[in-house]
Amino acid sequence: MNTVFITGVTGQVGSYLVDLFLSKGYMVYGLKRRSSSLNTERLNHTFSNQNLKLEYGDVTDYSSIANLVANIKPDLFVNCAAQSHVRVSFDIPCYTFDASGASVINCLEAIRTHSPSTRFITMSSSEMFGSTPPPQNEQTPFHPRSIYAVAKLAGYYAVINYREAYNMHCSNAICFNTESPRRGETFVTRKITRAATRIKLGLQDKLYLGNMDARRDWSHAYDTSEAIFRIINASTPDDYVIGSGEMHSVKEFAELVFSKLGMDYKDYIETDPHYYRASEVDALCSNPTKIKTNLGWSPKYSYEQLVDEMIASDMELAKREKLIKDHK
Ligand code: GDD
């Protein structure tokens, strides 16, 4: 049986990868961090699957990664673990660098030392392009605008170095923004769909956002996971941009969500400087030609389908909340 080890397995993309690898017949080992509160919600639907095993560890702790790699010797290692919130990286830069950058070296060193034939892929980020204008592809120069992006860039180059120095099968998945009903609630798309559905049911009055002029390339986490699966299973390791090739502003996203719910976003959204970043990334839009051509990947979800699925899921959540509130 093929084995895969996934870090960040309790996160959004990690959980979609679990679904994907289980459906392909893999034995899936997932790394989870010890937490006093439950952090495995995204895996609830698949928790009882005998082919899923969660292990405690932390990518910032080399010994935990090295021990697990030495014991499991997985065929594949997918690194999704990170401090993934760009704005928060301005508050906790040193931790972010460890968790999102230096940690990649922990993974690579663990593989080199204990299981050199394990294939590796890390979630790299379009944030690395920063202020370089779109469209962005594998040749676009980097100009990171946060320590999060600086950390991702360090991890990106570490992967290339281990490929060149040790001939390891390691790749970068340069992911543009990735969304779904399982997206964390402090990222802007989910923050909007969650708030709009709650406002619709009278559970909330206002939504406070930061820079609504920022433009992003939003894909569904299902499609991102499919792309990662193809890259790590390709015969040659390489670096690929993953995105929809379509760009929308935060304002456009909010306008669409509120209008689908029969509301005008202008009546409910206010700006709060708390959500501004010290240095912003204005516009990200992928040119995913390389992955389409080399690996035959193309996204299943359109932008509108992604928005519809997120609204439908958050409406169910809001309805449950309302039911509980009305019966108190
Ligand atoms: N989070 C957040 N909250 N963002 C806001 C808000 C708000 O209230 N208001 C406006 N924004 C703007 C941000 O300033 C940013 O320009 C844009 O919305 C998207 O913010 P996020 O959803 O937080 O995502 P991100 O683009 O910063 O980073 C995400 O995508 C990267 C790939 O490009 C994360 O998933 C990263 O981990 C990932 O690498």
Side-chain angles (χ1 to χ4, degrees), residues 8 11-14 16 79-92 96 99-101 103-104 122-132 134-136 140 142-156 172-180 182-196 206-221 223-224 227-228 241-255 257 265 268-286 288 306-307 310:
Q12 178 192 216
V13 175
Y16 276 93
N79 180 39
C80 301
Q83 189 303 92
S84 64
H85 204 287
V86 177
R87 205 210 62 73
V88 174
S89 76
F90 289 95
D91 300 335
I92 48 171
T96 300
S100 309
S103 58
V104 178
T122 194
M123 276 190 78
S124 196
S125 169
S126 58
E127 279 289 305
M128 300 187 306
F129 299 121
S131 54
T132 311
Q136 292 108 353
T140 303
F142 300 118
H143 189 134
R145 298 269 289 164
S146 63
I147 287 299
Y148 169 80
V150 170
K152 284 288 175 183
L153 202 50
Y156 168 87
N172 283 294
I174 307 172
C175 300
F176 282 65
N177 293 51
T178 299
E179 320 298 318
S180 74
R182 297 185 207 166
R183 183 54 145 156
E185 292 187 21
T186 63
F187 293 94
V188 78
T189 56
R190 185 76 200 286
K191 189 170 164 183
I192 292 169
T193 55
R194 186 85 173 98
K206 291 275 173 207
L207 167 61
Y208 295 91
L209 291 178
N211 175 19
M212 293 187 69
D213 294 323
R215 288 174 295 159
R216 289 292 184 273
D217 174 337
W218 284 296
S219 291
H220 198 295
D223 288 320
T224 306
I228 289 171
V241 152
I242 304 171
S244 71
E246 210 180 297
M247 184 167 67
H248 301 274
S249 68
V250 172
K251 197 181 287 164
E252 285 164 1
F253 188 93
E255 193 171 11
V257 171
Y265 78 100
Y268 302 98
I269 295 183
E270 285 180 20
T271 304
D272 183 340
H274 171 76
Y275 298 111
Y276 280 98
R277 284 140 198 217
S279 44
E280 174 66 286
V281 171
D282 294 326
L284 293 174
C285 186
S286 65
L306 167 65
V307 171
M310 290 180 73

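The first residue in the sequence is number 1, and the count goes up from there. Just follow the structure's listing: the first ligand is 1, and inside any ligand the first atom is 1.
Checked options Asn172, Ile174, Thr140; the residue passing with Val241 is Ile174 (criterion: side-chain contact (heavy atoms from CB on, under 4.5 Å)).
Rounding to the nearest 0.5 Å places CG of Asn79 at 9.5 Å from CE of Met123. Considering CD1 of Ile192 and CE of Met212, their distance stands at 6.0 Å, rounded to 0.5 Å. A distance of 10.5 Å separates CE in Met128 from CD in Gln136, rounded to the nearest 0.5 Å. Note that CD of Glu252 is 10.0 Å distant from CG of Asp213, once rounded to the nearest 0.5 Å.
Between His220 and Tyr16, the two ring planes are perpendicular [angle over 60°; tilted spans 30° to 60°].
Close approach of ligand 1 to Val86 is summarised as follows: ligand atoms under 4.0 Å from at least one heavy atom of the residue are 27 (O), 28 (O). Every atom of ligand 1 with a heavy atom of Glu280 under 4.0 Å away is listed here by number and element: 13 (C), 14 (O), 15 (C), 16 (O). Per-residue contacts place Ser126 under 4.0 angstrom from the following atoms of ligand 1 (heavy atoms of the residue considered): 32 (C), 33 (O). Against a heavy-atom cut-off of under 4.0 Å, Lys191 is close to the following atoms of ligand 1: 7 (C), 8 (O). Listed by number with element, the atoms of ligand 1 under 4.0 angstrom from any heavy atom of Ser84 are 34 (C), 36 (C), 37 (O). Taking every heavy atom of Cys175 and a limit of under 4.0 angstrom, the matching atoms of ligand 1 come to 32 (C). Residue Asn211 approaches ligand 1 through these ligand atoms, each under 4.0 Å from one of its heavy atoms: 9 (N), 10 (C), 11 (N), 12 (C). Listed by atom number, the atoms of ligand 1 under 4.0 Å from Ser125 heavy atoms are 31 (C), 32 (C), 33 (O), 38 (C), 39 (O).
Within the structure, the closest approach of His85 to ligand 1 falls below 4.0 Å when heavy atoms are considered. The shortest separation from a heavy atom of Tyr276 to ligand 1 is not under 4.0 Å, leaving the residue out of contact.
Nearest protein neighbour of atom 35 (O) of ligand 1, counting heavy atoms only, is Arg183 NH2, 2.9 Å. Protein heavy atom in closest approach to atom 9 (N) of ligand 1: Gly210 N, 2.7 Å. For atom 22 (O) of ligand 1, the closest non-hydrogen atom on the protein side is Val188 N, 2.9 Å. The shortest contact between atom 23 (O) of ligand 1 and any protein heavy atom is with Arg277 NH2, 2.9 Å. Looking only at protein heavy atoms, the nearest one to atom 38 (C) of ligand 1 is Tyr148 OH, 3.5 Å. With hydrogens left out, the protein atom closest to atom 24 (O) of ligand 1 is Asn177 ND2, 3.5 Å, a heavy atom.
Below 3.5 Å of separation, one finds an N or O of Thr186 facing an N or O of ligand 1.
Residue Arg87 does not touch ligand 1, judged by heavy-atom distances below 4.0 Å. With a heavy-atom cut-off of 4.0 Å, Arg216 touches ligand 1 through its side chain alone.
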Arg215 and Asp282: CA distance, side-chain angles, deciding distance, salt bridge (Lys or Arg N to Asp or Glu O under 4.0 Å) verdict: CA-CA 6 Å; Arg215 288 174 295 159; Asp282 294 326; over 6 Å; no
Chi angles and distances behind the salt bridge (Lys or Arg N to Asp or Glu O under 4.0 Å) call for Arg216, Glu127: CA-CA 10 Å; Arg216 289 292 184 273; Glu127 279 289 305; 3.6 Å; yes
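Using modelled atom types, one finds no donor on one side chain facing an acceptor on the other under 3.5 Å when comparing Gln83 with His85.
Here Glu185 pairs with Arg190, Arg194 under the salt bridge (Lys or Arg N to Asp or Glu O under 4.0 Å) rule; sequence neighbours left out. In this structure Asn211 satisfies the side-chain hydrogen bond (donor to acceptor under 3.5 Å, both in side chains) test together with Glu280, sequence neighbours excluded.
Taking the ring centre of Tyr208 as origin, the terminal cationic atom of Lys191 falls outside the region bounded by 6.0 Å and 45° from the ring axis.
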